[in-house]
Amino acid sequence: MPLPQGQWPTLEPGWVWLCGAGPGDPGLLTLHALNALRQADVVIYDALVQEAILDWAPQAEHIYAGKRGGKPSAKQRDISLRLVDLARAGKRVLRLKGGDPFVFGRGGEEAQTLVQHNVPIRIIPGISAGIGGLAYAGIPVTHRDVNQSVTFVTGHDQSGNATESLDWSAISKGSQVIVIYMGMKHIAHITAQLMEAGRPASEPVAIVTTATTKDQQVLETTLGTCVADIAAAGAEPPAIICVGRAVAMRQVLDWQGQIAGEKPRNLDPLGRGRPAESA
Ligand code: SAH
């Protein structure tokens with residue numbers, strides 16, 4: 001598959017390109033990512049990067065640097081220093097991360113280490129799971145009738161604990177739609193905090209697991225019933241959790257269900273009573 005005509009940057013020996021691979025579906029890669037895959041000598045990739053994407057760099061050595069999936073986990077500092085070593089050895093290095101490298105992906109830390117070691121870098125953004133993964137579930141992260149802001153939060157802090165440092169009460173009051181990464185482990189704590197801060201138990205929640213892949217599953221639930229429903233469904237990470245009325249839009253926008261032949265459940269889930277584009 002040739003790249004469209006144009007000026008595509010050259011991945012030079014000794015450089016590291018930090019690149020987002022998108023949430024899963026290889027079609028969600030950027031053209032810059034494809035250009036990078038074509039040129040790399042080494043691809044260092046994370047757990048959430050799909051095999052099919054690596055297949056586009058058959059000439060490159062593939063090094064797994066993930067932190068999940070039963071394989072031995074690599075320490076963050078070791079990964080960053082490995083990138084430095086490979087660059088210094090004159091390799092064309094592609095650091096491939098799930099979603100967007102600068103969204104809860106430690107891409108900022110890796111890039112900083114590289115610059116501190118005088119290794120030249122390029123950053124290639126990717127589609128983050130909290131936006132693209134929800135779009136594949138038919139959930140728009142903003143909608144004029146629902147929210148004027150959206151908050152992206154992580155359910156883990158650096159120690160892997162529930163994010164004690166987050167002010168859940170402020171988030172709950174300040175943001176109609178909350179998108180949670182890495183939230184499954186502490187979902188009971190998070191939902192309890194949100195309800196304590198005044199969000200109703202009936203508020204819609206969607207859990208989108210392995211979003212944009214062929215295994216994508218969407219669990220529609222509520223703040224009050226979410227913990228029990230996750231257990232009953234056996235839903236497992238990686239998952240994006242979306243809290244807010246935006247989830248109701250799935251009733252009309254579940255485009256994957258519609259491709260599979262389902263009818264929209266409700267053409268007007270927000271109860272506007274008029275065509276969406278009037279007013
Ligand atoms: N940089 C990534 C996020 C890395 S943190 C991005 O921008 O998307 C890892 C978390 O991202 C997972 O625990 C999960 O919450 C979310 N995630 C990444 N890929 C996902 C996918 N395909 N489906 C659901 N959640 C995903």
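Counting starts at 1 for both ligands and their atoms, in listed order. Below, each value reflects all heavy atoms present in this structure, side chains not excepted, and no hydrogens, waters or symmetry copies.
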Geometry only, no angles: is [X] polar-contacting ligand 1 at N/O separations under 3.5 Å?
| X | answer |
| --- | --- |
| L48 | no |
| M182 | yes |
| G98 | yes |
| D100 | yes |
| S128 | yes |
| G24 | no |

- Can you list the residues that meet the side chain to side chain donor-acceptor pair (under 3.5 Å) rule with Q39, with sequence neighbours excluded?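 Side chain to side chain donor-acceptor pair (under 3.5 Å) check on Q39 returns N35.
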Which segment of [X] sits under 4.0 Å of ligand 1 when only heavy atoms are counted:
| X | answer |
| --- | --- |
| P237 | neither |
| V208 | backbone |
| T210 | backbone |

Any side-chain heavy atom of P238 sitting closer than 4.5 Å to one from T209?
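Result no, sub-4.5 Å side-chain heavy-atom pair not found.
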Q: Check if G133 has a non-hydrogen atom at a distance under 4.0 Å from any atom of ligand 1.
A: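 No; G133 lies far enough from ligand 1 that no heavy-atom distance drops under 4.0 Å.
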Contacts table for residues 10-30: side-chain donor-acceptor under 3.5 angstrom, sequence neighbours left out:
residue: D25; atom: OD1; partner: G27; partner atom: N; Å: 2.8
residue: D25; atom: OD2; partner: Y136; partner atom: OH; Å: 2.8
residue: T30; atom: OG1; partner: A33; partner atom: N; Å: 3.0

[X] side chain to [Y] main-chain N or O, any donor-acceptor pair under 3.5 Å?
| X | Y | value |
| --- | --- | --- |
| D229 | L219 | no |
| T210 | D215 | yes |
| Q193 | A188 | no |
| Q59 | R38 | yes |

A student comparing G99, A129, G22 should find that the heavy atom closest to atom 19 (N) of ligand 1 comes from A129
Ligand-side contact atoms (ligand 1) for residue partner [X], heavy atom cut-off under 4.0 Å:
| X | answer |
| --- | --- |
| P238 | 23 (N), 24 (C), 25 (N), 26 (C) |
| F104 | 4 (C), 5 (S) |
| P23 | 21 (C), 22 (N) |

>> Applying salt bridge (charged side-chain N to carboxylate O under 4.0 Å, His left out) to R245 and E203, what does each step give before you reach the verdict?
In response: CA-CA 7 Å; R245 276 206 311 146; E203 180 154 1; over 6 Å; no
- Query: Salt-bridged, R77 to E109, with N to O below 4.0 Å?
  - Reply: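 Salt bridge flag = no for E109 with R77.
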